[in-house]
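For this chain, numbers begin at 1 and follow the sequence in order. What you see below is based on every heavy atom in this structure, not just the backbone, and it leaves out hydrogens, waters and symmetry mates. Just so you know, these numbers come straight off a predicted model, no measurement behind them.
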Amino acid sequence: MELMRSDSSLTIEAERQIIAFKEAMEAIENQQNEFKKRLIEEMKRCGVTSYKDENITITLIPEGEQKKFDSKAFKKQFPSMYEKFTKKSKVSGYVKVTVKRGITSENMKENVTPEIEIIKVINSDEIEAF
């Protein structure tokens, strides 16, 4: 299956498949969350806090409070100290896909007008001239 047309826009088939994958993932996540709720209830009912065998380990984490560091507030109040303790790390590129609310693989629009942003790869000679 071709994913992109010659004008660099996505094919409708590619869009449909992306949306269908996201729908399937959401359905599986919902099933998993429901299963976990039932498992928690059963573990509590039986008084089990952990389970372990050759295949799986399950640990019941009790409800409680958690402290988190508010880096946004810290950065606002102490910008130079924030920079001093900020560590940069390289991240791999990836594709982020957002399906608009209410769109499914069955009701998606087929006649779309894509907005395409093209990036130009430049070599080191062009960077120096820039």
Can you hop from V48 to F35 via hydrophobic side chains spaced under 4.5 Å?
-> yes

Check for a donor-acceptor pair, side chain of N107 on one end and backbone N or O of G102 on the other, with a separation under 3.5 Å.
-> yes

Taking side chain as C-beta onward, heavy atoms only, is L10 less than 4.5 Å from M4?
-> yes

Show the numbers, then the answer: is there a side-chain contact (heavy atoms from CB on, under 4.5 Å) between T86 and K75?
-> CA-CA 10 Å; T86 300; K75 181 180 180 180; over 6 Å; no

Verdict with supporting geometry, I12 and N111, side-chain contact (heavy atoms from CB on, under 4.5 Å) = CA-CA 9 Å; I12 290 300; N111 297 323; over 6 Å; no

Does a side-chain heavy-atom distance below 4.5 Å link L39 with L60?
-> no

Sub-4.5 Å side-chain heavy-atom contact between L3 and Q17 | no

Nearest 0.5 Å, what's the NZ-NZ distance between K109 and K100?
-> 8.0 Å

Checking side-chain contact (heavy atoms from CB on, under 4.5 Å) for the pair Q31/E34: CA distance, chi angles, key distance, verdict?
-> CA-CA 5 Å; Q31 289 174 359; E34 285 302 313; 5.8 Å; no

Y51 vs I56 side-chain heavy atoms within contact, under 4.5 Å | yes

Partner residues of R38 under the salt bridge (charged side-chain N to carboxylate O under 4.0 Å, His left out) criterion, sequence neighbours left out | none

One should read off an interatomic distance between S80 OG and F85 CZ, to the nearest 0.5 angstrom, of 10.0 Å

How many angstroms lie between OG in S9 and CD in E15, if you round to the nearest 0.5 Å?
-> 8.5 Å

Taking everything shown except F69 itself, do over 12 heavy atoms lie less than 6.0 Å from its CZ?
-> yes

Report the distance from atom NZ of K52 to atom CD1 of I58, rounding to the nearest 0.5 Å.
-> 12.5 Å

If you count the non-hydrogen atoms of other residues, nucleotides and ligands that lie under 6.0 Å from CZ in F21, is the total more than 12?
-> no

Is there a donor-acceptor pair under 3.5 Å between the side chain of E13 and the backbone N or O of E2?
-> no

Any side-chain heavy-atom pair from T104 and R16 closer than 4.5 angstrom?
-> no

Has M81 got more than 12 heavy atoms of other residues, nucleotides or ligands less than 6.0 Å from its CE?
-> no

Once you round to the nearest 0.5 Å, how far does CD1 of I103 lie from CD of E23?
-> 10.0 Å

F74-F78 aromatic ring centre distance below 6.0 Å | yes

How many angstroms lie between NZ in K36 and CD in E29, if you round to the nearest 0.5 Å?
-> 10.0 Å

Evaluate the side-chain proximity of I40 to K44: yes if any heavy-atom separation is below 4.5 Å, no if none is.
-> yes

